[in-house]
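This report refers to the structure that appears directly beneath it.
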Number of protein chains: 2
Amino acid sequence: MNHLAALKPLEDTTIRGRTVEQLRRLVVTGELAAGMRLTETELADALGISRGPLREAIRELVDIGLLVSKPYKGLFVREITRKDLEEIYSLRTMLERFAFQEAWEKRTPEALEDLKARNKKLIGSIEAATDPLGPIEAELHLHSWCYELSGHRLLLQSWNRLKPNLQFYFAMHQQAHERKGPKRRSHDLYIRLASGNDLGAMLDHLNDHMRQGLETTIGFIDCA
Amino acid sequence: MNHLAALKPLEDTTIRGRTVEQLRRLVVTGELAAGMRLTETELADALGISRGPLREAIRELVDIGLLVSKPYKGLFVREITRKDLEEIYSLRTMLERFAFQEAWEKRTPEALEDLKARNKKLIGSIEAATDPLGPIEAELHLHSWCYELSGHRLLLQSWNRLKPNLQFYFAMHQQAHERKGPKRRSHDLYIRLASGNDLGAMLDHLNDHMRQGLETTIGFIDCA
DNA sequence: AATTGTCTGATTGTCAACAATCTGGCTCCC
DNA sequence: GGGAGCCAGATTGTTGACAATCAGACAATT
């Protein structure tokens, strides 16, 4: 910790960057409902920008998978099928197990403190119960820990691509279930094992943790 | 095989699409040397197109990792460090092991025929020795088999993002080593195990296959 | 000597108009 | 009835000009 810690990263100054962020937020929070149709001109007008930077922003979201582009028909906010969800979870399990293997030897007391801090933040966010999306972001931030610690840039990049999809689904699920977010103590074991000395146990727990996450949330999707 | 098999996919009609392909090829073959500096206007003039679609194409390549954008300084063809290579290989090992686990039960006689055909094509391409990049594409196509068979779209997408980076490195390596490509029989065991009934042995072999690939090729990189 | 201020050419960011293309529905013919 | 041809409106693709921003060099200041 140095004396510059108070500095916040300055916000994106380009229209494209800000647009990506704004659209991501709108999609992820469900303010733009799944399946909804948009067009470039319509969006550009609504945002008060021209189509150039908007197109670049859109392409980024399409690439991540938040939007689907059907040429000459319009843009559509992604819909999630059961298969999508299973794919997201199975890939995520894979990635996070790998991340823990890579990060295991790099754990330092400071890093473990950081992990605990993230969990505290998650709990705090759940108890505050102000912004319903807060806990979701906090949970994802907690899970980001192992990816960051691994030092594996490509892996972190993969996680960052997957994250918005998870976020999208969490928010969708939460809305359908009357804003019931993650439980306070849901990550207690996760933290304990991550701080311990049994990598095998941690990896096993990840399988459980993820499978449980999938099972308890998959119920309300009726699609094929 | 049906009677429409002769149909070839029609080429991309948009400037953006064609530009992505062309730039990808140029980077991957080393015709645009690693570290080389480019600018948007320069490229747009050279390609005879305007900057709009070019920018979108560039962004795609930056996202994949083939180009690096340093704002207001220029675009640079990616350079590969030893760490990059280790990351590419470790992630790839992960993904391909996962792909085989997912694909294992889906193997049909037809699918295995397809796999053998891909290996034949690889061998043919090596023996023909015309286009030095042919064997590289054929080898990647062989490895794509398990991803396609898995039916896991997200996984396939991850592989498709990783592929150009591998291709880039292979070509780079080949140029440095006087065009010595993959060996004729390099995938014999791979094919045999993939056709057999011991998933564990296949997964173990993948570790070996990849580690060997990394070790025999990592030599000539002197970077940190 | 080192830090800060200022200028300039280069580079990217943005815009608004225009062109190309597609979709969906309609007609017409068989 | 149904399939080919065609049309209108909508949507995306493309362009060239203009604006904003930056890196690097050099001067001024301490």
Side-chain angles (χ1 to χ4, degrees), chain A residues 2-4 7-24 26-27 32-79, chain B residues 3-4 7-24 26-27 32-33 35-79:
Chain A
N2 64 39
H3 58 294
L4 292 174
L7 260 26
K8 292 175 187 172
L10 23 66
E11 64 186 61
D12 218 323
T13 70
T14 72
I15 292 188
R16 178 184 64 243
R18 289 198 303 272
T19 305
V20 168
E21 267 322 292
Q22 180 167 184
L23 287 181
R24 197 188 54 77
L26 290 174
V27 171
L32 290 175
M36 185 171 178
R37 175 171 176 276
L38 309 163
T39 62
E40 291 183 2
T41 28
E42 183 189 37
L43 263 178
D45 287 351
L47 293 167
I49 62 176
S50 76
R51 284 178 51 226
L54 173 64
R55 279 171 63 89
E56 295 181 7
I58 286 176
R59 234 144 236 301
E60 196 164 325
L61 295 172
V62 167
D63 196 51
I64 292 177
L66 254 32
L67 294 180
V68 179
S69 161
K70 303 189 183 177
Y72 300 103
K73 297 193 71 172
L75 283 164
F76 298 84
V77 180
R78 92 164 286 174
E79 305 194 74
Chain B
H3 58 294
L4 293 174
L7 260 27
K8 292 175 186 171
L10 20 67
E11 63 185 62
D12 219 322
T13 68
T14 72
I15 293 189
R16 179 184 65 242
R18 289 199 304 272
T19 305
V20 168
E21 267 321 293
Q22 180 166 185
L23 286 180
R24 198 187 54 77
L26 290 173
V27 170
L32 289 175
M36 185 170 176
R37 177 172 176 277
L38 308 162
T39 62
E40 291 182 3
T41 28
E42 185 189 37
L43 263 178
D45 287 351
L47 293 167
I49 62 176
S50 74
R51 282 179 51 226
L54 174 64
R55 279 172 62 89
E56 295 180 8
I58 285 175
R59 228 140 243 302
E60 195 165 327
L61 296 171
V62 167
D63 195 52
I64 293 177
L66 254 30
L67 295 179
V68 179
S69 160
K70 302 189 182 175
Y72 301 103
K73 297 193 70 174
L75 283 164
F76 299 84
V77 181
R78 91 164 286 176
E79 304 195 74

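Source: prediction; values computed, not measured.
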Residues in side-chain contact (heavy atoms from CB on, under 4.5 Å) contact with [X], at least two apart in sequence or another chain:
X	answer
B/E60	B/V20
A/F76	A/R37, A/K70
B/I64	B/P164, B/N165
A/A34	A/E79, A/F168

Find every protein N or O atom lying less than 3.5 Å from an N or O atom of nucleotides 10-19 of chain D, and list the pairs.
{"unit_1": "D/dT11", "atom_1": "OP1", "unit_2": "A/R37", "atom_2": "NH1", "d": "3.4"}
{"unit_1": "D/dT11", "atom_1": "OP1", "unit_2": "A/R37", "atom_2": "NH2", "d": "2.1"}
{"unit_1": "D/dT12", "atom_1": "OP2", "unit_2": "A/E40", "atom_2": "N", "d": "3.1"}
{"unit_1": "D/dG13", "atom_1": "OP2", "unit_2": "A/R55", "atom_2": "NH1", "d": "2.7"}
{"unit_1": "D/dG13", "atom_1": "OP2", "unit_2": "A/R55", "atom_2": "NH2", "d": "3.0"}
{"unit_1": "D/dG13", "atom_1": "N7", "unit_2": "A/R51", "atom_2": "NH2", "d": "2.8"}
{"unit_1": "D/dG13", "atom_1": "O6", "unit_2": "A/R51", "atom_2": "NH1", "d": "2.8"}
{"unit_1": "D/dT14", "atom_1": "OP1", "unit_2": "B/I15", "atom_2": "N", "d": "2.5"}
{"unit_1": "D/dT15", "atom_1": "OP2", "unit_2": "B/S50", "atom_2": "N", "d": "3.0"}
{"unit_1": "D/dT15", "atom_1": "OP2", "unit_2": "B/S50", "atom_2": "OG", "d": "2.8"}
{"unit_1": "D/dT15", "atom_1": "O5'", "unit_2": "B/S50", "atom_2": "OG", "d": "3.3"}

Review point. Taking only residues at least two apart or on different chains, which pairs with a member in residues 41-52 of chain B satisfy salt bridge (charged side-chain N to carboxylate O under 4.0 Å, His left out)?
Key: B/E40-B/R51

